[in-house]
Amino acid sequence: MRTGVIGLILPPTFSFLEMMWRICPALAVGCTVVALVPPASPTPLLLAQLSGELGPFPGILNVISGSASLVPVLASQPGIQKVAFCGALEEGRALRRSLAGECAELGLALGTESLLLLTDTADIDSAVEGVVDAAWSDRGPGGLRLLIQESVWDEAMRRLQERMGRLRSGRGLDGAVDMGARGAAACDLVQRFVREAQSQGAQVLQAGDVPSERPFYPPTLVSNLPPASPCAQVEVPWPVVVASPFRTAKEALLVANGTPRGGSASVWSERLGQALELGYGLQVGTVWINAHGLRDPSVPTGGCKESGCSWHGGPDGLYEYLRPSGTPARLSCLSKNLNYDTFGLAVPSTLPAGPEIGPSPAPPYGLFIGGRFQAPGARSSKPIRDSSGNLHGYVAEGGAKDIRGAVEAAHQAFPGWAGQSPGARAALLWALAAALERRKSTLASRLERQGVELKAAEAEVELSARRLRAWGARVQAQGHTLQVAGLRGPVLRLREPLGVLAVVCPDEWPLLAFVSLLAPALAYGNTVVTVPSAACPLLALEVCQDMATLFPAGLANVVTGDRDHLTRCLALHQDVQAMWYFGSAQGSQFVEWASAGNLKPVWASRGCPRAWDQEAEGAGPELGLRAARTKALWLPMGD
Amino acid sequence: MSAHNRGTELDLSWISKIQVNHPAVLRRAEQIQARRTVKKEWQAAWLLKAVTFIDLTTLSGDDTSSNIQRLCYKAKYPIREDLLKALNMHDKGITTAAVCVYPARVCDAVKALKAAGCNIPVASVATGFPAGQTHLKTRLEEIRLAVEDGATEIDVVINRSLVLTGQWEALYDEIRQFRKACGEAHLKTILATGELGSLTNVYKASMIAMMAGSDFIKTSTGKETVNATFPVAIVMLRAIRDFFWKTGNKIGFKPAGGIRSAKDSLAWLSLVKEELGDEWLKPELFRIGASTLLSDIERQIYHHVTGRYAAYHDLPMS
């Protein structure tokens, strides 16, 4: 089902084609678009003229030519259902913060830098042409980080310098130029970058036939930039190439993934096995093997980490503008006086009301972290009451340190889990389903104490087991091939795990919601840190007893405690890759605001209850889409 | 004529690690054609320059002294006199670079050129052109006879079977022997790239040919199914540049076969300029093997001078 009105914010460096690639899918699925473009270039006027020509349906495409200050105004308009922002990192962050709690969803596509990995088995001359395509042409969106294997460093640098000397820059209508100019602002940015790089001891080489007037900047090659310098941390501007060496392919992966940006990369190697290993290992949205900068509307293009998680092109590009049918439009849950600094900071302490009467409850559960139950850092527990007010049990109060430990345990378990074959993952999920069925009577009795009827409780347990099996079976095999016009060779659309997923379960359906969220996350190869239902976490902890024996350590971690405090810790954690929050409206707003830290994708319920027992909401394709990220792997062929 | 390439010792490490990625080279080839376009009077100048690179060729079974004579005269006066006068280039001595014929016709060509009062070289194909599948003894003898008859440039074909079976030392030895048989004549080695199978083989064969002492490497005989294409040329030009970086010797390049239109010839000039630089844009280091190209260039120049399109019969035959 289509989303509605889309507000599209585009940066000044976009070409007409890129604007069309974002507008056309939105129109195709039935949304209407309001595009905000900066006034500096004439391209928006062409866009506006085009939209005026859409005779029978006036108003489906509207173009506003205005400066960046209009961005918050557009984003907070009441009728907009989704804001798609393409542009610089800091503006994207600020927009994420300001849109927390608003009814519009946010999609970010940030950053322009790409990466080129040159191994010693590559065709170096062709890789140099790839560098020209990436950074020193009008097709590349931004600068390039170039990683060259040490054994071919001299060869590659020599050929790069030779090639730079032959580049011509000038006005586009000249007919014999390689690159043009991108405006005064871009020119200032790159001048500052180069000056800083030089002051930090880098070698800067500029060449090419370039006019010396202001907006034209010559192609630049920076080498010997110390990796710890501040210049090496920021995004590389156009038209700069920053070259650094690496020793082995494994080191190359570490260096390449050691940056918060994750847009696109190319791997140059004539050894198929090595090329594929590097391609699969890079944490980026698009990987080209022995090519750079190839684009096609049917291939999803996007990023991960701080490059934002919105996509254009291919099926993922269409999903951006759709929402599951039957779900109501999002309501704004904005509360203007939510204090982000104090939300969830302190844990309200609960003093016991009076002496406890009744049989001694079981000893308190610990936190399930790293495959075993352990005591919380704060050494305190809180009571859980059942539906008639009696004491049901004690659970531990987790805190920031426990969250930290849980996320670390999840990270340790992640490489092993992500590397498992889909069949192995399915087997574990099926084993857990069987264990749940064996435990049915205990779980059903606990649910009864919480006020659920026996029949319904048993049905809930059965449904949970069924869901686990279903997700186990639904685990997709890797890669399906896309049809791309004009390319000889396959393009694979891979679905990769996100990493560590933080899940805050809703209060209702303590068992079913817990399992319904855990299953897709694990099935797609993620490891999970969960905060179970606050009303009755005991059911989740019962399941943990089975997970302790069946699952590898750290795969799923359960931390109980004050929900707002734990939410705060998870949302602010920079090493959590995505977050699913099903709690209060205020919590949702906080989570969206805090995600601006590392720009993790969030899915927040905004306080609306969800029918977990319905197939569409409890086990629908939306869960599968959100549990993994896409990577496009291009494999041009030919000898 | 510039000094000969003395060649170097065979060093297989120059070719052992080389990799050529075909799709990437194809992409570069498309870019070159699109990105460097020349118009108006600069185009006319480039076309005249292209004329000076042409090895005017006739390699047919039905060549006799009459068409050789016509060819040689056209080589001396490639563009109609009044067109050159209109461009103010009639006194610059514009001729084609050479005339290329079969060994049996070398005597006729030398005679015709002397009668026309022209000192451009006669190039002869040799060594079992075009397939090269004859005994080594007869191939060497062909070269010697052609040189005796007066050819100052020899276009030899390599033994493709040696490339396809990876016998690089044997290939090096053969070309060394061709070099010796040529004596003072210039050696152009035809790689017949359409039959070599892959771009990596083209690079390796180019390197071996240059190491063995060729003065020029040539893409093809003109008789294969696929002759001179941009991807193959890019690989050969990169090999020439790498040889220059390693030894300081400049080797020439000649694409032959399939170059028919003036637009193509401009693209070839751009390619050499981009990959190797301006120093290679001289007849000593760059030739184009063509026969009908000259008429198309002449028609373009006619159009530039008069503003009208010429019919083929408006311009003298070659």
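Convention: sequence-line order gives letters A, B, ...; per-chain numbering from 1. Keep in mind the model is a prediction, meaning the values are calculated, not measured. Keep in mind that the numbers below use all heavy atoms, side chains included, and drop hydrogens, waters and symmetry copies.
Contacts of A:S269 with chain B are absent, with no heavy-atom separation under 4.5 Å from either backbone or side chain. Both the backbone and the side chain of B:R36 come within contact range of chain A, each with at least one heavy atom under 4.5 Å from a heavy atom of that chain.
Evaluated for a side chain to side chain contact (heavy atoms under 4.5 Å, CB included) with A:E270, the options B:V20, B:N21, B:T200 yield exactly one hit, B:N21.
Open room surrounds CZ on A:R488; 12 or fewer heavy atoms of other groups in view lie less than 6.0 Å from it. The number of heavy-atom neighbours closer than 6.0 Å to CD of B:Q33, taken from other residues, nucleotides and ligands shown, is above 12. Residue B:K246 places its NZ atom among more than 12 non-hydrogen atoms of other residues, nucleotides or ligands, all under 6.0 Å distant. The number of heavy-atom neighbours closer than 6.0 Å to NZ of A:K250, taken from other residues, nucleotides and ligands shown, is 12 or below.
In terms of non-hydrogen atom pairs under 4.5 Å with chain A, the most contact-rich of B:H22, B:R238, B:R27 is B:R238.
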Walk me through whether B:K17 and A:S151 qualify under side-chain contact (heavy atoms from CB on, under 4.5 Å). CA-CA 12 Å; B:K17 294 223 273 191; A:S151 46; over 6 Å; no
Could you give me the CA-CA distance, side-chain angles and deciding distance for A:W268 and B:Q19, then say whether side-chain contact (heavy atoms from CB on, under 4.5 Å) is met? CA-CA 11 Å; A:W268 292 81; B:Q19 304 275 3; over 6 Å; no
Using the side-chain contact (heavy atoms from CB on, under 4.5 Å) rule, take A:E155 and B:W245 through it: C-alpha gap first, then chi angles, then the decisive distance, then the call. CA-CA 11 Å; A:E155 290 265 328; B:W245 280 352; over 6 Å; no
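The pair A:R163-B:E274 meets the salt-bridge criterion, since a charged nitrogen lies less than 4.0 angstrom from a carboxylate oxygen.
Of residues 287-295 of chain A, those residues with a non-hydrogen atom less than 4.5 Å from any non-hydrogen atom of chain B are, in numerical order, A:N290, A:A291, A:H292, A:L294. Residues of residues 113-136 of chain A lying under 4.5 angstrom from chain B, judged on non-hydrogen atoms, are A:T121, A:A122, A:D123, A:D125, A:S126, A:E129, A:D133 in numerical order. Scanning residues 37-48 of chain B against chain A with a 4.5 Å heavy-atom cutoff picks out B:T37, ordered by number.
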Which pairs would a plain distance check flag for residues 216-223 of chain B, meaning a side-chain donor or acceptor within less than 3.5 Å of a matching protein atom at least two apart in sequence or in another chain?
| unit_1 | atom_1 | unit_2 | atom_2 | d |
| --- | --- | --- | --- | --- |
| B:K218 | NZ | B:D155 | OD2 | 2.9 |
| B:T219 | OG1 | B:A256 | N | 3.2 |
| B:S220 | OG | B:A256 | O | 2.6 |
| B:T221 | OG1 | B:K223 | N | 3.1 |
| B:T221 | OG1 | B:E224 | OE2 | 2.8 |
| B:K223 | NZ | B:L59 | O | 2.7 |

